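Take a look at the structure set out below.
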There are 2 protein chains.
Amino acid sequence: MSTAEQKRRKNQLAPRREPVQARARERARQILDTTGRLLEQVGLNDLTTILIAKELGVSVGSVYHYFPNKHAILYAMGEQWLASLTERLDELAASELEQLSLESFLNELLDLWLSVYQDQRGLLPLVQAMWGIPELHELDERHDELVINHLVAMFERLGFVCPPNEANRLARATLETCHAILLVIVNQQGVRAQRTRSDLQNMLMVLLEPHRNESRPSGLDDVEAP
Amino acid sequence: MSTAEQKRRKNQLAPRREPVQARARERARQILDTTGRLLEQVGLNDLTTILIAKELGVSVGSVYHYFPNKHAILYAMGEQWLASLTERLDELAASELEQLSLESFLNELLDLWLSVYQDQRGLLPLVQAMWGIPELHELDERHDELVINHLVAMFERLGFVCPPNEANRLARATLETCHAILLVIVNQQGVRAQRTRSDLQNMLMVLLEPHRNESRPSGLDDVEAP
DNA sequence: AAAAAACCGGCGCATTGCGCCGGTTTTTTT
DNA sequence: AAAAAAACCGGCGCAATGCGCCGGTTTTTT
């Protein structure tokens, strides 16, 4: 039966084949580039494989050589974005966090985070895709988990005194706040952007400060599991 | 030509006809109720008109008596949600804000805001729809504008000293932070939810406090238009 | 030069839920 | 109570739509 086979193909997200030649590797990269550009221009809804091929100046067939379907392209974009975020977070984790004040830690964190948001073309539609397309949900969850785990680990190294679930809660709040406000900043310019960035940093200070070292927060108890 | 006619129908968002009989008005309400419930259960992607009809125990035809298409149903839901938010904000605006401390103002604001978020079934998929479905974008924009205008007006009455564009920037930051964190809170329970709510309030305090009365913020100048 | 990889683009086709329609039942009107 | 208006019913036609396969050609590698 062809139907089952098609379903399998459709739900397949892994690249069709690993490109071995240099030109091919380049093509795969170009496809992602073009997709990013198009996402910015036309948005998620009007993005089609034909459009990608036309824009890149190759045939549809070529595109399908590398990706089994459209979602796989978006998935790859998402993974790339996750990878760059991981890389930057690891960089930060490699530095001597223990020496840092909370303020300068947040400064570094926001710098790297913002740069990842700014460098990613078509970020907004991509986020939208990770929300809206079932096949990509997993990416969204991995993203959250990734960030939260990194944050929790860093919190500890910064001398936070709080039980695991509470740290987790803080990390989630940090994540969501940053995510929302960074998306705002990316669409602002000049002074406006700078002030919002500074506001974000202040808000995070207030969120996290009470959990550092001696200054005990009102409640010591841990919180329920998520 | 039937195609053009169909296109027209498809882009039509207004209810097909205003229900006059009591039973009919009830049906329209039921359809929205059911849609909300289904949004919660199956999400946006698997929501179909057939499913709505089946769940409600009426025929598809009946559904189409009231709404020209599926988007119109979601649009109506969105409007309902906007209406309840407007109502609550107007209530708050009717009270004597000038007397309130920033802290108690934020308390009231968050209370009402949270309750609107909690009462709306299937809020998350609805938000997703307002992002993802072009026909509903307008709703999203109206929502943002509505909240921002209310906030700016309230900021002024609370004695904020800042130029209009700056107030607008603050309102946007407030909106996005609340939106993100309220969505988190709605999915939390017990202590966890309470603490996050309190964190949100603290963050907003820090965001807004510097702009009140004498305590002048670092920069007085207005910021660029949005 | 032969083999392997990459490229090409037309087009068949499955899918899918939309929403129209003709007829029936219920409610309102007179 | 009868006629008119409104609401309800559910089968099914169908249009749109973009996916992605295929057979053959060109380029790169060995």
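What you are looking at is a predicted structure, and each value in this text was computed from that prediction instead of being measured.
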Please tabulate, for side-chain N and O atoms in residues 76-85 of chain A, each donor-acceptor pair with protein atoms closer than 3.5 Å (sequence neighbours left out).
| residue | atom | partner | partner atom | Å |
| --- | --- | --- | --- | --- |
| A:E79 | OE2 | A:R142 | NH2 | 3.2 |
| A:S84 | OG | A:W81 | O | 3.0 |

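- Going from atom NE2 of B:H71 over to atom C1' of C:dG19 covers 14 Å, rounded to whole Å.
- The neighbour count for B:E40 CD, taken as heavy atoms of other residues, nucleotides or ligands under 6.0 Å away, is above 12.
- Counting to the nearest Å, the P atom of D:dA7 and the CD atom of B:Q30 are 14 Å from each other.
- Residues A:V184 and A:Q188 are in side-chain contact: their nearest non-hydrogen atoms beyond the backbone lie under 4.5 Å apart.
- Under 4.0 angstrom from either OP1 or OP2 of C:dC7 there lies at least one side-chain N or O belonging to A:Y66.
- Between B:K70 and C:dG17, a side-chain N or O to OP1/OP2 separation shorter than 4.0 Å is absent.
- Taking a cutoff of 4.0 Å between a charged side-chain nitrogen and a carboxylate oxygen, B:D111 and B:R197 qualify as a salt bridge.
- One atom, CD1 of A:I133, and another, P of D:dC19, lie 11 Å apart when rounded to the nearest Å.
- For A:N187, the side chain to side chain donor-acceptor pair (under 3.5 Å) test picks out no residue, with sequence neighbours left out.
- DNA chain C lies under 4.0 Å from at least one heavy atom of each of the following residues of residues 45-54 of chain B: B:T48, B:T49, B:I50.
- Of all non-hydrogen atoms in A:Y64 and A:N69, the two that sit nearest each other are CE2-CA, 3.9 Å.
- Rounded to whole Å, the distance from CG on B:L74 to C1' on C:dG17 is 14 Å.
- For B:E91, the CD atom counts as densely surrounded, since its 6.0 Å shell holds more than 12 non-hydrogen atoms of other residues, nucleotides or ligands.
- Computed from coordinates, the B:N69 CG to C:dC18 P distance equals 9 Å when rounded to whole Å.
- Looking at A:H150, its side chain does come within 3.5 Å of a backbone N or O of A:L146 through a donor-acceptor pair.
- The strand DNA chain D forms stems, runs of 3 or more Watson-Crick or G-U wobble pairs with distances below 3.5 Å, at C:1-30 with D:1-30.
- Salt bridge absent: B:R195 and B:D199 never bring a charged side-chain N and a carboxylate O closer than 4.0 Å.
- Residues B:R192 and A:N165 meet the side-chain proximity criterion, which asks for heavy atoms closer than 4.5 Å.
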Report all side-chain donor-acceptor pairs from residues 50-61 of chain A shorter than 3.5 Å, counting only partners two or more places apart or in another chain.
| residue | atom | partner | partner atom | Å |
| --- | --- | --- | --- | --- |
| A:E55 | OE2 | A:R37 | NH1 | 3.2 |
| A:S59 | OG | A:G61 | N | 3.4 |
| A:S59 | OG | A:S62 | N | 3.3 |
| A:S59 | OG | A:S62 | OG | 3.3 |

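- The separation between B:L44 atom CG and C:dG17 atom P is 13 Å, rounded to whole Å.
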What pairs of nitrogen or oxygen atoms, one from the protein and one from nucleotides 8-11 of chain C, lie under 3.5 Å apart?
| residue | atom | partner | partner atom | Å |
| --- | --- | --- | --- | --- |
| C:dC8 | OP2 | A:S62 | OG | 3.0 |
| C:dG9 | N7 | A:S59 | OG | 3.2 |
| C:dG9 | N7 | A:G61 | N | 3.3 |

